[in-house]
Amino acid sequence: MTTMSQSPERIALTSNLSISRLVCGLWQVADMEKNGEIIDPETGADALQAYAQAGFDSFDMADHYGSAEVITGRLLSRYPDARNRPAAFTKWCPEPGPMTRDVVRRGVEERLQRLAVDKIDLLQFHWWTFEHPAWLDALHEMQRMREEGLIEALGLTNFDAAHLAVALADGIEIATNQVSFSLVDRRAAGALSDLCARSGVKLLAYGTLSGGFLSEKWIGKPEPTEISDWSRSKYKRFIDTAGGWAAFQGILGAADRIAKKHGVSISNVASRWVLEHEAVAATIIGARLGESEHRDDNLKVFSFALDGEDHALLDDAFAATSPIPGDCGDEYRKPPFLTASGDLSHHLDAIPSIYTAKSVPGRPDRLRVSSGSVWEPIAGYSRAVRIGNRILVSGTTATHGTDRCVAPGNPGAQATYILDKIAASISALGGSMDDVIRTRVYLRDANQWEPVSRAHGRVFSKVLPANTLIEAGNLIGEYEVEIEAEAVCD
């Protein structure tokens, strides 16, 4: 017999930050305000307070969720004792560019001002393209602000396992990573969960109900052809990529059988499946202020557990689907773009490259780029050179800025950073990583071949260039690996 919880389970992210395992997501504030009608902050705070009083006292928002931060700030102001107030998470999602101390502090201080607090409980960071390395500058400055007491915990959003590993190896203390995770999108159960098990980072899962598609009302229904809701249109793209409507109906049918067995809803089953993953701290459920509130039903998530029979049913349904390609967050950075607005290539193409291609005097068929490394002018070389349709990239190390070694002692993380740097070099010269025909990898220690090779494989698993891996012995400084590349453009 199951018993009904009176409030959501809780979990500690830090010694000072305990959160509900069902977090109220405020992304729908932006949708409600899209016609220019701003929600009255006090009225919005009243709606949030009803959630908080029912135990749903953790709220997730972002700098671009309309007035969500302001509304939450009004709610927090009603709790004079900061120890008893609801938890407020927000995100900073800047456009890639130089992340100087002033730029980062202005971004964080705006979050503090809009929330009207002295300390942000959890500040989460999103970055559009890892070819621009300033994301590390931003995180290091945010870590300094955390040490100053302006931020309780640092989080990431839509980071894949490889780049979360780079951040951790470079000394950033990360508490959470917010990613898509559902019965349809199971990417987070792989490499990301493995890294979380090793590092202690926790996942905040969104999209768990697939924009409302994981519910009884879609069982046996024909595939929708027109979707006006931005969230649902986004998750329909996930369904299409995972094998289409028929495969999705298989997942829905299995979840329905499990729901009937336990006397709960399909959405409860979907949330429970995600919450039972050890890496997951909480799932994020949409809070449409004053509308469609399902607090009592959501609490049923904690009234049952999935057993072996339940998992077998779901695994059989999963077997008829296609895995969502790539890792978490890839949907924002590469095809297929599984976002509300669809193809983001125009946005990504508009982001300025970190490098600038320059013509070679007296050589009209040549271009070159410099990465700003202190070694390039000393030794007299370019980061990359284009000759006709060929691009040759020099041996590249994990050097950030002029001379800082990224992730000392971690060859896998260094390889990830290096490949981003190579991608940026090739992109600045008009090519892409798809054009790469040869790579050479030089290792300090041949015993470290596997993490470096896995980093190489994540980037080139479809391109499959010619490759050579060599133990080079004692590389200069704290570098564990050096990589060079050659590309031929169409």
Side-chain angles (χ1 to χ4, degrees), residues 94-100 103-104 127-140 162-163 166 170 332-334 344-407 413-441 455-456 459-460 463 465 479 481-490:
E95 289 296 315
M99 290 288 111
T100 64
V103 168
V104 176
W127 194 248
W128 286 103
T129 172
F130 295 116
E131 288 185 21
H132 199 302
W135 63 278
L136 278 175
D137 297 325
L139 284 175
H140 278 287
H163 290 90
V166 174
D170 207 41
Y332 290 94
R333 301 182 183 96
K334 62 182 72 171
L344 293 177
S345 57
H346 62 287
H347 171 73
L348 297 173
D349 289 344
I351 295 173
S353 172
I354 184 66
Y355 303 136
T356 301
K358 296 183 178 180
S359 58
V360 178
R363 300 281 189 171
D365 63 336
R366 295 189 189 183
L367 294 170
R368 62 191 178 199
V369 296
S370 170
S371 65
S373 162
V374 68
W375 310 114
E376 290 168 6
I378 292 174
Y381 68 95
S382 296
R383 174 59 38 217
V385 176
R386 178 165 183 163
I387 307 170
N389 67 345
R390 294 177 65 209
I391 298 174
L392 297 100
V393 184
S394 295
T396 302
T397 57
T399 302
H400 187 76
T402 58
D403 60 0
R404 186 176 78 80
C405 176
V406 171
Q414 287 191 5
T416 295
Y417 184 90
I418 289 167
L419 291 167
D420 289 337
K421 196 169 177 179
I422 288 173
S425 302
I426 293 174
S427 178
L429 291 168
S432 76
M433 293 296 258
D434 289 343
D435 298 320
V436 172
I437 61 168
R438 171 177 283 282
T439 57
R440 292 186 178 90
V441 179
H456 187 278
V459 174
F460 293 117
V463 181
Y479 300 113
V481 58
E482 185 169 333
I483 304 174
E484 63 181 55
E486 181 176 350
V488 176
C489 305
D490 294 333

Please identify each residue that fulfils side chain to side chain contact (heavy atoms under 4.5 Å, CB included) with S359, with sequence neighbours left out.
->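 Partners of S359 by the side chain to side chain contact (heavy atoms under 4.5 Å, CB included) criterion, ordered by chain and then number, come out as L367.
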[X] (side chain) donor-acceptor with [Y] (main chain) under 3.5 angstrom:
| X | Y | answer |
| --- | --- | --- |
| D420 | Y417 | no |
| R333 | W127 | yes |
| E376 | S371 | yes |
| S425 | A423 | no |
| R366 | V360 | no |
| S382 | A384 | no |

Are D170 and R404 within salt-bridge range, i.e. N to O under 4.0 Å?
-> yes
Modelled atom types, side-chain donor and acceptor of T397 and T399, under 3.5 Å | yes
With under 30° as parallel and over 60° as perpendicular, where do the rings of F130 and H163 fit, or are they tilted in between?
->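 Geometry flag for H163 against F130: parallel rings.
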Go through the structure and list residues passing salt bridge (Lys or Arg N to Asp or Glu O under 4.0 Å) with R390, not counting sequence neighbours.
-> E486
Can you list the residues that meet the salt bridge (Lys or Arg N to Asp or Glu O under 4.0 Å) rule with R440, with sequence neighbours excluded?
-> E484
side-chain contact (heavy atoms from CB on, under 4.5 Å) assessment of Y355 paired with K421 | CA-CA 10 Å; Y355 303 136; K421 196 169 177 179; 3.1 Å; yes
